[in-house]
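Numbers for residues simply follow the sequence, beginning at 1.
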Amino acid sequence: VWVKAGTYKPTSGSDPTATFTMKTDVAVYGGFAGTETSLDQRDWVAHVTSLSGDIGTPGDASDNSYHVVYADNIGGSAALDGFTITGGNAVNDFSSYYYGGGLYVHQATFALSNVIFQNNHAVYYGGGLYASNDTAGQTLTMENVKFQNNSAIRGGGVYLGSNTTVVANTLEFTGNLALTNSSFPIYVEGGGLWEGSTNNSLTVYGATFTNNYAVGDGGGASIQGHAVLDTLLFQTNGTHGTDAPTFSGGGLYISLYGISDVVQVTNATFAYNSSVRGALGLDYAGTNQAFVTNALFYGNSSTMEGSAIELVNSTPVLDNMTLYGNTANCEGGAIYFQQSNAAIYNSILWDNTDSCPSFGYPDVFVGYLAAPTFAHSLVQGCKSAGVWDTTNCGADGGGNLTDTDPLFLNPSSYNYYLQSNSPVINKGDNSYASLVTRDLASFPRISGGRIDLGAYEYQWPFAVFLPVVFR
């Protein structure tokens with residue numbers, strides 16, 4: 001089905017249950033001027049095709065459609081491509097009508113491409129998109145999909161529930177909100193994205209999270225199930241509110257409480273996120289459950305501990321990280337450990353600050369029942385006199401550097417590549433680099449025979465420097 005540019009509504013009347021219903025093996029394409037003779041002639045950006053739930057009184061969201069688009073028990077080649085979905089308002093406390101204001105997906109194999117979810121709301125889960133299945137076997141694929149200014153209690157942009165397999169490439173989350181609702185007293189999480197429940201699998205390559213907020217955990221995203229996430233940017237997201245003192249993960253929150261799923265985060269940048277604790281919050285991840293590799297943290301802030309990373313009841317493996325210029329209002333300018341036996345390898349923690357200088361060092365705080373291990377890393381303050389401080393920094397796994405400026409190329413301009421005379425070049429342990437072959441800039445991860453510390457590898461025999469993310 002080809003659809004010409006314009007705005008379409010599911011009814012000319014005012015019935016909020018009216019919706020556009022997807023069918024098995026039917027692919028619907030928007031973005032046509034009306035003169036095309038082949039699919040590749042369309043321009044979905046220039047010829048905006050909107051599916052709008054703004055029925056009833058124009059501009060009054062209270063009488064909008066509960067779901068703009070509905071996909072239930074469908075499969076095959078069903079697809080939606082080239083549309084803007086807007087004005088859904090899932091607010092009826094009955095059946096599915098408080099889930100998925102923009103798109104409701106249930107028991108469906110379905111493909112989304114070149115779709116924008118904009119200004120949709122759900123009183124409960126998934127303001128832009130809600131997907132959940134009764135049984136396993138359904139797959140939702142997404143490519144070049146944007147979520148803008150959607151809201152819900154959980155998953156302001158997207159909520160991914162039980163038995164949901166998602167494979168996604170090039171996602172964008174901007175200005176989505178996870179908000180409290182007195183009628184539904186549940187925990188608020190995931191301003192941009194929430195993924196969890198049982199039998200889930202989320203694979204994402206390429207996603208940006210900008211200016212998303214949650215009055216709870218995970219301003220950008222909250223992950224509570226199996227996930228493989230690669231090439232990510234979390235920038236100026238936040239958690240806020242006074243409902244609880246523990247809001248974590250201004251950019252990303254991961255919690256694996258009571259489950260055996262694995263989360264892997266690779267090639268991620270966290271910049272200028274704000275939270276109570278941690279741009280990255282990681283709770284209840286057991287041994288071999290959580291891995292973070294090639295990650296850059298700068299300019300993040302917290303009103304309490306651990307401005308870059310908060311680790312609670314977790315034993316993750318964190319390697320080749322660069323943490324610079326983050327600020328905590330209290331302990332752990334870079335990392336806060338509580339009941340955590342995390343392992344940190346091949347990493348740089350430098351020039352982070354906190355406001356509780358009497359507790360350990362500005363870069364790390366090892367709290368209650370915490371026993372982290374650092375190896376082949378440079379952690380400012382932990383080896384200032386040539387001897388590792390096990391009391392304030394955890395265990396010395398060997399190969400840690402004595403305090404010395406890592407010599408970033410130009411940190412004042414957010415450039416954290418290494419100068420040619422950096423002391424962290426060839427100071428890592430290659431055995432910790434098994435998960436990746438490229439650094440954060442997609443250059444070879446090992447150049448010169450031995451891995452460098454931090455997110456970026458100095459390139460021999462010459463270096464090529466590209467700009468990183470600017471504020």
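- One distance of note links CD1 of I425 with CG of L418; it measures 5.5 Å at 0.5 Å rounding.
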Test side chain to side chain donor-acceptor pair (under 3.5 Å) applied to D283 and N313, step by step
CA-CA 6 Å; D283 293 352; N313 292 302; over 6 Å; no
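- A side-chain donor from one of N294 and R445 sits under 3.5 Å from a side-chain acceptor of the other.
- Here F297 and Y324 keep their ring centres 6.0 angstrom or further from each other.
- Rounding to the nearest 0.5 Å gives a distance of 9.5 Å between CZ of F209 and CZ of F270.
- A donor atom on one side chain and an acceptor atom on the other are not found under 3.5 Å apart for T170 and N144.
- Across N176, T239, T174, N273, a single residue satisfies side-chain hydrogen bond (donor to acceptor under 3.5 Å, both in side chains) together with N212, and that is N176.
- For the 3.5 Å distance criterion, the side chains of Q338 and Y336 qualify, holding a donor opposite an acceptor.
- In this structure, the side chain of N150 engages the main chain of N120 through a donor-acceptor pair within 3.5 Å.
- To the nearest 0.5 Å, atom NZ of residue K383 and atom CG of residue D389 are 12.0 Å apart.
- With rounding to the nearest 0.5 Å, the separation of CG in N421 from CG in D405 is 9.5 Å.
- When side chains are defined from C-beta on, L407 counts as touching P423, because their heavy atoms get closer than 4.5 Å.
- Between D429 and S431, the side chains place a donor N or O and an acceptor N or O closer than 3.5 Å (distance only, hydrogens not considered).
- When atom types are taken as modelled, the side chain of N64 and the backbone of G87 share a donor-acceptor pair closer than 3.5 angstrom.
- Ring pair Y298/Y272: centre-to-centre distance below 6.0 Å.
- Ring centroid separation for the pair Y159 and Y99 does not come in under the 6.0 Å cut-off.
- Residues N410 and S412 have side chains that bring a donor and an acceptor to within less than 3.5 angstrom of each other.
- For Y29 and W44, the ring centers are positioned 6.0 Å apart or more.
- Checking S248 against E310 by side-chain atom types alone, a donor-acceptor pair falls below 3.5 Å.
- Between T327 and T353, the side chains place a donor N or O and an acceptor N or O closer than 3.5 Å (distance only, hydrogens not considered).
- Expressed to the nearest 0.5 Å, how far CD1 of I116 lies from OG of S50 amounts to 8.5 Å.
- Separation of atoms CH2 (W388) and OG (S377) is listed at 7.0 Å; rounding is to 0.5 Å.
- There is a side-chain donor-acceptor pair under 3.5 Å between Q224 and S222.
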